[in-house]
Amino acid sequence: NAGVTQTPKFQVLKTGQSMTLQCAQDMNHNSMYWYRQDPGMGLRLIYYSASEGTTDKGEVPNGYNVSRLNKREFSLRLESAAPSQTSVYFCASSSTGIFFSNQPQHFGDGTRLSIL
Amino acid sequence: AQSVTQLDSHVSVSEGTPVLLRCNYSSSYSPSLFWYVQHPNKGLQLLLKYTSAATLVKGINGFEAEFKKSETSFHLTKPSAHMSDAAEYFCVVSDRSSGGSNYKLTFGKGTLLTVNP
């Protein structure tokens, strides 16, 4: 009963390094999302994918890229990491997503990323 | 534009006493509203949702919330707190983006609930 799986769980990077955060869901959901969570800020949407083959910017997309590899997988890439990107990153999925108001999202357990 | 305000950043209660976590929202349309809970080092888990049916919504673990349109509120309550309720709680509104057909989620900044023995 995996739901949404994120890897890695923890990562430390140096400024300027790159890395990709992986996310996979096994619920056959159409829509997937990447958020970052910072203390006192709630969750802010970085990018989302309404359906396989489409991606769109969210509230805070600068410094990130995404790939919707297939229906199950949605990755987030930091090309040149900066200390301001130190955060906890959450992947989420939902069945129909942004076209309907009442669809809850299912979240992974997060990736805790520190950039020195 | 929609917004969510969680009126308390931290609420502390004693085990066995009632819980009240307050949430106010603003929205241009007819929103859906959610409460999520986040335990330490975990992702967010859905507690309950309001989607224009009954205004009193029952969720998991004995929580419920009442949608009050006149007060633009969606407060979360539980009659008797348990130690396992200690977590952070997020109020979320889902509403149409301005001028668009897509729905957007807006998260409150969270309320940390502490339960004292």
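Labels below follow one simple rule: chain letters A, B, ... track the order of the sequence lines, proteins then strands, and each chain is numbered from 1.
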Side chain / backbone / both / neither for B:K42 at chain A, heavy atoms under 4.5 Å: both

Student check: side-chain heavy atoms of A:L43 and B:L44 closer than 4.5 Å: yes

Connected via hydrophobic side-chain network under 4.5 Å: A:Y89 and B:F90: no

Within residues 108-117 of chain B or reaching into it, pairs that qualify as salt bridge (charged side-chain N to carboxylate O under 4.0 Å, His left out) - sequence neighbours excluded: none

Connected via hydrophobic side-chain network under 4.5 Å: A:V4 and A:V88: no

Neighbours of chain B found in residues 34-41 of chain A - heavy atoms under 4.5 Å: A:Y35, A:Q37, A:G40, A:M41

Cluster check B:F74, B:L46: I/L/V/M/F/W/Y, side chain < 4.5 angstrom: no

Linked, directly or transitively: A:L45 and A:F107 (ILVMFWY side chains, under 4.5 Å): yes

Side-chain donor/acceptor of B:Y36 to backbone N/O of A:P104, under 3.5 Å: no

Distance (rounded to the nearest 0.5 Å) between B:T106 OG1 and A:E59 CD: 7.5 Å

Test salt bridge (Lys or Arg N to Asp or Glu O under 4.0 Å) applied to A:R112 - qualifying residues, sequence neighbours left out: none

Single-linkage hydrophobic cluster, 4.5 Å side-chain cutoff, A:I115 and A:V60 together: yes

Heavy-atom pair of closest approach, residues B:G43 and A:D109: N-OD1, 3.4 Å

B:Q38 side, atom CD; A:F90 side, atom CZ - distance, nearest 0.5 Å: 4.5 Å

Review item, side-chain donor-acceptor pairs of residues 55-63 of chain B, under 3.5 Å, at least two apart:
from  : atom 1 : to    : atom 2 : distance (Å)
B:K58 : NZ     : B:E64 : OE1    : 2.8

Rounded distance (nearest 0.5 Å) linking atom CG of B:L105 with atom OH of A:Y33: 6.5 Å

